[in-house]
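Take a look at the structure below.
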There are 2 protein chains.
Amino acid sequence: MSTMLEVAKKAGVSKATVSRVLSGKGYVSDATKEQVYKAIEEAGYRPNLLARNLASNKSECIGLVVTNTLYNGSYFSEILSQAAKKLEDNGRQLILVDGKHSAQEEREAIQFLLDLRCDAVIIYPRFLSIDEMDEIIDQYKQPIMVVNRKLRKHQSHCICCDHKGSSYLATKHLIERGHRDIAFITGSMDSPTAIERLAGYKEALNQYDIGINDNLIVQGKWTPGSGVSAVESLYQRQDKISAIVASNDEMAIGAMKKLNDLGISVPGEISIIGFDNIPTAPYLSPALSSVKDPVSEMISEVINRLISMLDGGYLSKENIFTSDLLVRNSVIDGPYKSKKWVDKH
Amino acid sequence: MSTMLEVAKKAGVSKATVSRVLSGKGYVSDATKEQVYKAIEEAGYRPNLLARNLASNKSECIGLVVTNTLYNGSYFSEILSQAAKKLEDNGRQLILVDGKHSAQEEREAIQFLLDLRCDAVIIYPRFLSIDEMDEIIDQYKQPIMVVNRKLRKHQSHCICCDHKGSSYLATKHLIERGHRDIAFITGSMDSPTAIERLAGYKEALNQYDIGINDNLIVQGKWTPGSGVSAVESLYQRQDKISAIVASNDEMAIGAMKKLNDLGISVPGEISIIGFDNIPTAPYLSPALSSVKDPVSEMISEVINRLISMLDGGYLSKENIFTSDLLVRNSVIDGPYKSKKWVDKH
DNA sequence: TTGTACGCGTTATCAC
DNA sequence: GTGATAACGCGTACAA
């Protein structure tokens, strides 16, 4: 790996001049410019980013932390592809690192990115509590953005959407179509999103004076397999059911599969609705309906703002957002072809 | 951000001592160790990775380049989760950067990682030709591993599987169950994988003396939507069909959906088989069968070897693999419940 | 066991 | 326009 010094010698100039040519800052005569370019070519020179970033204290790259337990889901793909697309027009690099599976490891991932002098870090948290994140934001000079959690202190550092609201809408939608015996499959209950979605379901039932039957609520773990298990539990409990709200599409698919195996037609006898609207979901209808989670809009928004501030040169952790929290409503996305409902068993 | 020097002063020692404590190399008395740790704590000190890596010329991290056009697929999740899991026990960081959508950008992504002094770079190429990659490997001192392409020159730097073979098996499987009118939906034909899968299909037909009917071969683009379009084309052509081989699961799902809409039962009237075995695929059977792509095994294998050589301290681009190319057979993964086949229309 | 001093490859601030 | 030279924060012989 040749260095700048070697290039400088080859071109018969000083390091400083080579640096000027590369950065475009400062005056260099066209003649020497020419020579420097030639020398760079000949030497096969590549600037050492470590040295550059160390000296300049920036990096032109943005870090993203996501837990690898989320890598399986289509949800994750959405986050990543959105972030990458947004950033690529901007000449900045997106660096993803693994948040692994504990709060401690998530914190380390953030620090790693910070230690690498990323211009900013975006985290889609899975284990860190909002208080811990508030604390981390306090600790560091660099801007840290949190997606999908409402922080207590640094409200301008987070962006999230209304999971409770969208779950409420989904449930309400079913109720208005005549369903009253609606089961609910939760996500992993250590996730705020899972809790919010459950709350939305309950709120809708309450509003329509439908009693909450705990037998109709089963715990899932976000995976298709846990959707299968959930339907098994429901089936054993023998309660009447005409519709199922699954806390994500993966579980909805698992539930659908199990109902099929039990000889129960979907959506003929039981309607299912999921969340997140994974790419293949639309192709599974009419069996499955899905509520779109605006995750891509959130990521998109975060990056837009981050970029505009970085480019504007006035990024600091104090003024990331002028507005406070951004909440978007979710949208019901699939057609509900089945209006009838029947007793189970 | 406090520096090592500040910590040293606070602890009343020199930088070197602090460095020794941190690295564990060299002798330090327990007493001073104690003081240093205390000072680190007090100062909230974090080592600057840029400086550390610059000085030591390593980074304890491994780079991965994948094109963001692949981020949507479940295939990508598989790659990433596998890589992350493998690396996490090892204390090394995985850094993902976007290969975007051209050979040039893929090359830049590799260079970026190299310039960041990653210990090794793994690329899952989409645009770079094998010759270009051979050339890049020549150019740099650091080890670069290529997944899913068979290189011409540096065969020890790549790992791939037998896409043609698995496609052959899938087709043969259908033939042996009595199918003769088998349609094929290709992937994007600028992808070697797509070409190989098509070749496997053709080989199976040839071997059983079934003529290749170009009307039964339609081009897809890996997406569910293109699976829908493909079935539309097939339907219009009015040829007899009893089974469809789709070059991936996403397209198989799209195809399934379209057949449903046309009132054609799957797999009652037409069997479908896909590839890659995405996480939700098993839950879509018996409608859909899928051939597992051993991508996770490939990634796993690459990382295993990389790690053992990094830890062994004898990693160089000359001796990455002792064995040459690693090819694994793919496995038929889903049950084929339907054995009957009928005419279409 | 600990400290000194130099090197890593840049950027940036001066003079010239 | 261009060239020294001091940072940047850390590793590491070598000396003490």
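As the structure is a prediction and not an experimental result, all values here were calculated from the model.
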Could you measure the distance from the CG atom of L116(A) to the CG atom of D119(A)? Nearest 0.5 Å is fine. 11.0 Å
Under 4.0 Å between a side-chain N/O of S19(B) and OP1 or OP2 of dC10(D), yes or no? no
Rounded to whole Å, CG of L5(A) lies from P of dT11(C) at a distance of 13 Å
Nearest whole angstrom, please: distance from the P of dT10(C) to the CG of L50(B). 14 Å
Do any side-chain nitrogens or oxygens of T3(B) fall under 4.0 Å of OP1 or OP2 in dC8(D)? no
Roughly, in whole Å, what's the span from CG in L116(A) to P in dG9(D)? 15 Å
Measuring from atom CZ of F76(B) to atom OG1 of T67(B), what distance do you get when rounded to the nearest 0.5 angstrom? 10.0 Å
Without decimals, in angstroms, what is the distance between M4(A) CE and dT5(D) P? 18 Å
For dG11(D), does either OP1 or OP2 sit under 4.0 Å from a side-chain N or O belonging to S23(B)? no
Choosing from dG3(D), dG9(C), dT2(C), which nucleotide comes nearest the side chain of V28(B)? dT2(C)
V146(B) and R149(B) have their tightest heavy-atom pair at CG1-CB, 3.8 Å
Where the side chain of A16(B) is concerned, which of dG9(C), dT4(C), dA4(D) is the nearest nucleotide? dT4(C)
Starting at CG of N53(B) and ending at C1' of dG9(C), how long is that distance when rounded to a whole Å? 13 Å
Within the structure, does a side-chain N or O atom of R52(B) lie under 4.0 Å from either OP1 or OP2 of dG11(D)? yes
Touch class at under 4.0 angstrom, heavy-atom based, for V18(B) against every strand present: nothing
Could you state the interatomic distance from CZ (R20(A)) to OG1 (T32(A)), rounded to the nearest 0.5 Å? 9.5 Å
Whole angstrom is fine here: how far is it from CZ in R20(B) over to C1' in dA13(D)? 10 Å
Under a 4.5 Å cut-off applied to non-hydrogen side-chain atoms, are I123(A) and M145(A) in contact? no
Would you say Y27(A) reaches dG3(D)'s phosphate, i.e. side-chain N/O to OP1/OP2 under 4.0 Å? no
Using a 4.0 Å heavy-atom cut-off, does K15(A) contact any base of the nucleic acid, only the sugar-phosphate backbone, or nothing at all? base
Name the residue closer to the 5' end of DNA chain C, choosing between S29(B) and K25(A) according to the nucleotide with the nearest heavy atom. S29(B)
Return the value, rounded to whole Å, for the distance between atom CZ of R117(B) and atom C1' of dG11(D). 16 Å
Starting from C1' on dC10(D), measure out to NZ on K58(B) and report it in whole angstrom. 14 Å
Which of V28(A), V13(A), L5(A) passes side-chain contact (heavy atoms from CB on, under 4.5 Å) with V18(A)? Answer is V13(A)
So, is S56(B) near the phosphate of dC10(D), with a side-chain N or O under 4.0 Å from OP1 or OP2? no
Would you say dG3(C) has OP1 or OP2 under 4.0 Å from some side-chain N or O of T17(B)? yes
Checking contacts here: which listed nucleotide (dG9(D), dT11(C), dT2(D)) is nearest the side-chain heavy atoms of T32(A)? dT2(D)
